[in-house]
Amino acid sequence: MIAIIDYNTGNLRSVENALNRLGAEWTLTADPEVIRRADRVLLPGVGHAGEAIGRLRESGLVEVVKRLRRPVLGICVGMQVMCRHTAEGDVEGMGLFDTRVRRFHSQPGDKVPHMGWNTISNLESKLFKGIEPGSYVYYVHSYRADLCPDTIATTRYGAAGQMFSAALKYENFYGTQFHPEKSGDVGERILQNFLKL
Amino acid sequence: MLAKRIIPCLDVKNGRTVKGINFEGLADVGDPVELGARYALEGADELVYLDITASKEGRSTFTRIVERVADRVNIPFTVGGGISSVDDAAALLDAGADKITVNSAAVANPYLISEIAAKYGSQFVVVAIDARTIDDGSWRITTHGGSRLTDIELFEWAHRVQSLGAGEILFTSMNHDGTRSGYPCQTYAALASALDIPVIASGGAGSVSDIADVLTDGRADAALAASIFHYGEITIDALKRQLAARNIPVRL
């Protein structure tokens, strides 16, 4: 069973639909017991990262997530709240990934949010088994995580070609800045890889 | 590098995909869910579904189609047509849409944009702008499928919707829509440099060159088209390969 953590982070339907297409069983829950017992845990997230981490903290879920020993995948803002700090709201995150999340430093001509299909490179995890470097994934975000030793995929964006962490991994914790649930067949394969870790 | 997006647009009436030439003489081109899934398989980067049904029964048919699309398709999709309140937008979000598009209702009530953006984020709000030139050559906004001319100037309106929280602009030239004579690239380029949000070009594509031009000279971030795909003149995959051959970054 996959637990999708429910913390009022907006619409989770696309994540649910993606798991349905893979034939995976899931439950949407905020119950610490259900989360601890799950084989896989998904931490989705849309909206404001500072508010997201606040809600997770209030509901006591930060400590629950940090102690999990089975694979956990944070998606987009879900990944950002697993980092050490985010500039969105200037708040401490869970500190699972040793990196900071900052707003895109936009150069003239760059559009923020970074929205649309971009390529992932430097793929260094079983999460990307069968995925070619240069494959396209779907992004919608204005903040991005710095490169760090936990980086397992990179993307470049903007006139200056800034490189950021497309995905992160520390022990059993994984995070993707892009949306695998909206990234076509490539995203479906990444989710499938996560289920098979 | 961020790819230029190719977006097929499906007009839906009473549960079926239709495409009008200048919004008249609708021809049935199939089940919208099946057609969307086929486009996704062929390499569409997003899909847009527009509800062109006027009736209440038609609206609930459309919402069920949105749910089926969300179940089936693994790429982002936008829905629109007749959204005039936050509740309308919320119902489509709940049905699984990634973005909504507003047009005439936003002209009538610009705060609709800020209300939806504040609640669901700018990335959820695509503002469609239909405009045409008047005698002095300047652009004016039209509503209701181009049938009503307003005195709102295009660039003023584009700036306003951006500051109200629009995440993208879908601009259609009513001078070109349905003519298949290409896009007004200079106007697109001026919009792209005036705005910080992506511009999607719509209406007027007759050939691969037209689309290539608006993505390069016109600096559009994406191109939306309907009839050239519906009638099988070119597949999305073939179009994207031809764009790639012209050094335009596309997802293949």
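In what follows, chains are A, B, ... by sequence order, proteins preceding strands, each numbered from 1. Side-chain atoms are counted along with the backbone in the values below, which use heavy atoms only and exclude waters and symmetry mates.
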Pick from A/N20, A/V140, A/V112, A/D185 with the largest number of heavy-atom pairs that fall under 4.5 Å of chain B: A/D185

Once salt bridge (charged side-chain N to carboxylate O under 4.0 Å, His left out) is applied, do any residues pair with A/E181, and if so which ones, sequence neighbours excluded? none

Could you pull out the closest heavy-atom pair between B/M1 and A/Y136, with the gap in Å? O-CE2, 3.8 Å

Kindly compute the distance separating CG (A/N17) from CG (B/N74), expressed to the nearest 0.5 Å. 11.0 Å

Which region of A/R21, side chain (C-beta onward) or backbone (N, CA, C, O), has a non-hydrogen atom less than 4.5 Å from a non-hydrogen atom of chain B, or is it both or neither? side chain

Atom CZ of B/F155: over 12 foreign heavy atoms under 6.0 Å: yes

Nearest-0.5 Å distance that lies between atom OG in A/S14 and atom CD1 in B/I75: 13.0 Å

Chain A contacts: which residues in residues 61-69 of chain B have a non-hydrogen atom closer than 4.5 Å to it? B/E67

Counting heavy-atom pairs closer than 4.5 Å to chain A, which one of B/G96, B/A70, B/G43 comes out on top? B/A70

Are more than 12 heavy atoms from other residues, nucleotides or ligands located less than 6.0 Å from atom CZ of A/R69? yes

Does a salt bridge link B/D71 with A/R13, judged by any charged N lying under 4.0 Å from a carboxylate O? yes

Measure B/R72 against the heavy atoms of chain A and call it side chain, backbone, both or neither at under 4.5 Å. backbone

Residue B/A95 versus chain A: region with a heavy atom under 4.5 Å: backbone

May I ask you to list the residues in residues 236-252 of chain B that approach chain A closer than 4.5 angstrom, counting heavy atoms only, ordered by number? B/V250, B/R251, B/L252

Applying a strict 4.5 Å limit to non-hydrogen atoms, the region of B/A40 in contact with chain A is neither

Specify the closest pair of heavy atoms between B/D98 and A/K182, including all atoms of both residues, with the distance to one decimal. OD2-NZ, 2.8 Å

When B/D94, B/D221, B/L195 are compared by non-hydrogen pairs under 4.5 Å with chain A, the top option: B/D94

For residues 196-204 of chain B against chain A, heavy atoms under 4.5 Å, the residues are B/D196, B/I197, B/P198

Measuring from B/K99:NZ to A/M115:CE, what's the distance to the nearest 0.5 Å? 3.5 Å

Out of A/N118, A/T119, A/T155, which one pairs with B/L2 under the side chain to side chain contact (heavy atoms under 4.5 Å, CB included) rule? A/N118

Relative to chain B, which segment of A/H179 carries a heavy atom at a distance below 4.5 Å: side chain, backbone, both, or neither? neither

Counting heavy-atom pairs under 4.5 angstrom with chain A, the leader among B/P76, B/G121, B/A3, B/S193 is B/P76

